Amino acid sequence: MTWSDMLVNCLVTAGKAIWFFLPAYFANATPVVLGGGTPIDLGKNFLDGRRILGDGKTFRGFFLALAAGTLIGALQQRPFIGFIMSLGAMLGDMAVSFLKRRLGLKRGDPLPVGDQLDFVAGAVALTAPVVSIPLSYVIAIVVVTPPIHLGTNALAYLLKLKDRPW
Ligand code: CTP
Ligand code: MG
């Protein structure tokens, strides 16, 4: 196999992985545009006196993320996987927000790697028991997601959808 064959293989695998995880991508992006309102933690603090999750995790964002991911899954002929994957993405996102608050980080403060891969980790965790995911897809999505995430967040900042560029 030549170097160019290997490059083509990597690009094809990355493309298939993005297609596979598309419901998670849509689930993660939807709340940035359509989220807001009542926070899931209802404004309450944890035992350490800091917010449980913070104002960045809302009911509207959560449910619209599930709806968006399920819709994308339905368009891919697999609504159930879309639903489970989106649920995983949102739980992963919330788990990292919980961790960030415990570390004393305010809503929107950066946690490199965690911020970029929280939803992917959650999506893999909930989807893997339902459908077998090639290991190459998991590796590919972990590699391509951080640059895509940083790029789309910078774009969302320029479009004034986010008040920070990460
Ligand atoms: N969002 C939401 N509901 C959710 C998840 C996200 O409304 N369940 C919205 C919020 O407006 C949030 C934005 O999507 O600010 C981007 O999400 P994220 O980057 O994960 O939140 P942060 O504001 O960075 O907060 P945190 O520090 O908790 O990660
Ligand atoms: Mg987050």
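Every number for a ligand or one of its atoms is a count from 1 in the order of the listing. Sequence positions, counted from 1, serve as the residue numbers for this chain. Computed from a prediction, not measured in an experiment: that's the story for all the values here.
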In Å and rounded to the nearest 0.5 Å, what is the [atom1] to [atom2] distance from [X] to [Y]?
X	Y	atom1	atom2	value
Met94	Lys57	CE	NZ	8.5 Å
Met90	Ile40	CE	CD1	9.0 Å
Ser86	Phe119	OG	CZ	11.0 Å

Just heavy atoms, cut-off under 4.0 Å: does [X] contact ligand 1 by side chain, backbone, both, or neither?
X	answer
Arg60	neither
Arg164	neither
Arg101	side chain
Asp118	neither

Worksheet item: Does Asp115, backbone or side chain, put an N or O under 3.5 Å from an N or O of ligand 1?
Response: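 In fact, backbone or side chain, Asp115 has no N or O that close.
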Worksheet item: Is there a nitrogen or oxygen of Lys162 sitting under 3.5 Å from a nitrogen or oxygen of ligand 1?
Response: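 Yes; at least one N/O pair falls below 3.5 Å.
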Beyond-backbone contact of [X] with [Y], side-chain heavy atoms, under 4.5 angstrom:
X	Y	value
Asp5	Thr2	yes
Leu22	Gln76	yes
Arg51	Pro39	yes

Just to be sure I'm reading this right: ignoring hydrogens, which of [options] gets closest to [atom]? Compare them by their nearest heavy atoms.
atom	options	answer
atom 22 (P) of ligand 1	Gly108, Ala27, Gly36	Gly108
atom 13 (C) of ligand 1	Leu64, Asn28, Val32	Val32
atom 1 (N) of ligand 1	Gly35, Ala156, Gly61, Gly56	Gly56

Practice prompt. Please confirm whether Met94 comes under 4.0 Å of ligand 1, counting heavy atoms of the residue only.
Written response: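 Not so, Met94 does not reach ligand 1.
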Discussion item. Heavy-atom contact check, 4.0 Å cutoff: does Gly54 meet ligand 1?
Written reply: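 It does not; every heavy atom stays at 4.0 Å or beyond.
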I'd like to know if the side chain of [X] reaches the main chain of [Y], judged simply by a donor and an acceptor atom lying under 3.5 Å from each other, with no hydrogens or angles considered.
X	Y	value
Asp109	Lys106	yes
Thr58	Gly36	yes
Arg101	Arg50	no

Discussion item. Would Arg78 pass as a cation-pi partner of Phe80, given that its NZ or CZ must be under 6.0 Å from the six-membered ring centre and within 45 degrees of the axis?
Written reply: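 Verdict for Phe80: no cation-pi partner in Arg78.
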Practice prompt. List the steps, then state whether side-chain contact (heavy atoms from CB on, under 4.5 Å) holds for Asn28 with Tyr25.
Written response: CA-CA 5 Å; Asn28 195 54; Tyr25 270 49; 5.9 Å; no
Worksheet item: When you check the space around the Mg ion (ligand 2), which protein N, O or S atoms turn up under 2.8 Å?
Response: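 Checking every protein N, O and S atom gives Asp93 OD1.
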Identity and distance of the protein heavy atom lying nearest [atom]:
atom	value
atom 20 (O) of ligand 1	Lys57 NZ, 2.5 Å
atom 9 (C) of ligand 1	Pro31 O, 3.4 Å
atom 23 (O) of ligand 1	Arg107 NE, 3.2 Å
atom 7 (O) of ligand 1	Thr58 OG1, 2.7 Å
atom 29 (O) of ligand 1	Lys100 NZ, 3.1 Å

Fill in: OH/Tyr157: more than 12 non-hydrogen atoms of other groups inside 6.0 Å
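Result for OH/Tyr157: open.
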Worksheet item: Taking atom CZ of Phe26 as the centre, does the number of heavy atoms from other residues, nucleotides or ligands within less than 6.0 Å exceed 12?
Response: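 Count not over threshold, so no.
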Item to complete: Check each atom of ligand 1 against the heavy atoms of Asp93 and keep those under 4.0 Å away; list them by number with element.
Response: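 Numbered from 1, ligand 1 contributes 5 (C), 20 (O).
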Worksheet item: Ring centres of Phe98 and Phe46 under 6.0 Å apart?
Response: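 Yes, the ring of Phe98 comes within the 6.0 Å limit of the ring of Phe46, centre to centre.
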